[in-house]
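Working notes for the structure below.
When a ligand or atom number is given, it counts from 1 through the structure's own listing order. Positions are given from 1 along the sequence.
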Amino acid sequence: MRKNIVAGNWKMNNDLPQTEALISDLLKQEQTSNAEVMIAPTSVNLFQAFETTRLSNIEVIAQNMHFAENGAYTGEVSASMLKSVGVNTVILGHSERRAYFNETDEMLAKKVDTALANNMRVIFCFGEELEDRKSGNEEEIVENQIKKALFHLDASVFNSIVLAYEPVWAIGTGETASPEQAQDMHAFIRKTLESKYGNTVADAMTILYGGSVKPTNAKEIFSKPDVDGGLIGGASLKAEDFFAIVNAF
Ligand code: PGA
């Protein structure tokens with residue numbers, strides 16, 4: 001049985017009081033599904049978030065980290081810094097990091113290595129742009145993103161990796177991939193993994209969908225056999241909406 005995960009990516013939202021308020025609302029919600037629940041606040045609030053969720057099922061995760069272990073990288077955050085404040089999972093390769101901070105597949109391969117070397121779990125994001133989908137290249141783009149960042153890895157580390165398919169045209173736009181589009185791509189992703197690592201790795205891989213998931217569409221998207229959860233942006237900023245999605249399984 002694959003793990004179901006619903007992770008909230010708060011992006012650059014919520015200062016400390018807002019973080020505390022949202023977490024306090026989240027802690028009041030009732031979970032009726034067995035999905036793993038994660039939230040990714042901004043790095044400056046990770047410690048506080050970790051402390052305040054300590055006794056709950058909510059895992060606090062990071063939105064990003066640097067590939068170097070330490071050193072002269074002004075403004076950056078390392079794996080050991082994250083671990084020292086209780087964070088054991090990191091989102092890597094989000095399309096906003098790729099688009100606005102020039103993160104390349106090569107850089108992401110290094111980040112993945114560093115996270116794994118520090119015994120962290122990685123939620124690795126990828127997805128095509130609108131033009132790619134219009135021209136029918138979405139599978140080729142996605143396959144390349146996965147191959148370049150992950151295919152140097154040994155099969156044994158894949159239990160520390162979660163994949164997140166996030167078509168760029170669906171992120172923050174209100175436009176969601178149809179459940180069928182998500183299912184088709186997730187099945188393709190699983191096949192891509194299978195071709196290199198075999199059935200066992202591919203079958204066990206949790207593949208999340210991200211891009212305008214809302215309480216109103218989560219159930220249908222999550223009902224697809226190859227969709228194992230969601231990476232949620234906008235709708236993760238409201239406790240009721242986020243838990244409506246968590247409970248959509
Ligand atoms: P969205 O963001 O749910 O606001 O579309 C998803 C994401 O960027 O992970």
Side-chain angles (χ1 to χ4, degrees), residues 4-14 18-19 22 26 29 35-43 45-46 49 58-65 87 89-103 108 111-112 115 121-130 132-133 138 141-142 145-146 149 161-179 181-183 185-186 189 206-222 224 227-249:
N4 292 134
I5 296 176
V6 177
N9 174 11
W10 291 7
K11 310 193 179 184
M12 199 172 73
N13 295 296
N14 293 331
Q18 290 165 328
T19 296
L22 179 48
L26 288 168
Q29 306 300 312
E36 279 185 48
V37 181
M38 303 176 179
I39 55 170
T42 179
S43 61
N45 292 330
L46 286 172
I58 300 175
E59 181 183 352
V60 172
I61 70 172
Q63 297 177 15
N64 178 39
M65 58 164 236
V87 172
T89 301
V90 60
I91 299 171
L92 294 176
H94 192 278
S95 67
E96 287 148 21
R97 299 293 317 170
R98 294 176 189 258
Y100 307 141
F101 303 96
N102 304 319
E103 292 197 2
L108 291 169
K111 289 190 178 205
V112 169
R121 180 154 65 158
V122 171
I123 298 182
F124 182 72
C125 307
F126 52 87
E128 82 283 359
E129 315 237 356
L130 185 57
D132 305 322
R133 183 153 285 264
E138 66 273 13
I141 297 285
V142 160
Q145 288 172 322
I146 294 174
I161 294 179
V162 170
L163 299 181
Y165 168 58
E166 298 206 304
V168 178
W169 48 271
I171 296 179
T173 56
E175 186 165 348
T176 325
S178 69
Q181 282 173 321
Q183 167 57 27
M185 184 58 90
H186 282 222
I189 293 162
T206 293
I207 308 177
L208 311 181
Y209 168 79
S212 300
V213 178
K214 300 182 274 275
T216 47
N217 60 21
K219 210 178 189 88
E220 213 188 335
I221 296 172
F222 293 169
K224 295 295 175 190
V227 179
D228 308 309
L231 184 54
I232 320 300
S236 72
L237 298 173
K238 269 205 172 149
E240 296 77 18
D241 288 356
F242 186 56
F243 264 82
I245 295 170
V246 168
N247 291 334
F249 279 103

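- Using 4.0 Å as the threshold, K11 has a heavy atom nearer than that to some atom of ligand 1.
- For ligand 1, the atoms closer than 4.0 angstrom to any heavy atom of H94 are 7 (C), 8 (O), 9 (O).
- Remark: ligand 1 and G234 share an N or O pair separated by less than 3.5 Å (distance only, no angle test).
- For the atom pair CG (L231) and CE (M38), the distance works out to 10.0 Å, reported to the nearest 0.5 Å.
- For E220, the CD atom sits in a loose shell: 12 or fewer heavy atoms of surrounding residues, nucleotides or ligands are nearer than 6.0 Å.
- Within ligand 1, the atoms closer than 4.0 Å to a non-hydrogen atom of S212 are 1 (P), 3 (O), 5 (O), numbered from 1 in the order shown.
- Ring geometry for Y165 versus H186: interplanar angle over 60°, hence perpendicular rather than tilted (30 to 60°).
- The only option from K111, E96, H94 that meets the side chain to side chain donor-acceptor pair (under 3.5 Å) definition with N64 turns out to be K111.
- In the displayed structure, K214 atom NZ is contacted under 6.0 Å by more than 12 heavy atoms of other residues, nucleotides or ligands.
- Judged by distance alone, with hydrogens and angles left aside, the side-chain atoms of R97 form no donor-acceptor pair with the main-chain N or O of Q63 at under 3.5 Å.
- Counting protein heavy atoms only, atom 9 (O) of ligand 1 is closest to E166 OE2, 2.6 Å.
- Assignment of A170 to the shell around ligand 1 is supported, since a heavy atom sits closer than 4.0 Å.
- Evaluation of the side-chain contact (heavy atoms from CB on, under 4.5 Å) rule for Q18 yields N14, D15 as partners, not counting sequence neighbours.
- Rounding to the nearest 0.5 angstrom, the gap separating the CD atom in E36 from the CZ atom in R121 is 4.5 Å.
- Looking at S236, A40, G210, G172 and measuring to atom 5 (O) of ligand 1, the nearest heavy atom belongs to G172.
- At a heavy-atom distance under 4.0 Å, no atom of S95 approaches ligand 1.
- Below 3.5 Å of separation, one finds no N or O of A235 facing any N or O of ligand 1.
- Taking distance alone, with nitrogen or oxygen atoms compared against 3.5 Å, T173 stays at or beyond that limit from ligand 1.
- Numbered from 1 in the order shown, with element, the atoms of ligand 1 that lie under 4.0 Å from a heavy atom of L231 read 6 (C), 9 (O).
- Checked by distance only, ligand 1 and G233 come closer than 3.5 Å through their nitrogen or oxygen atoms.
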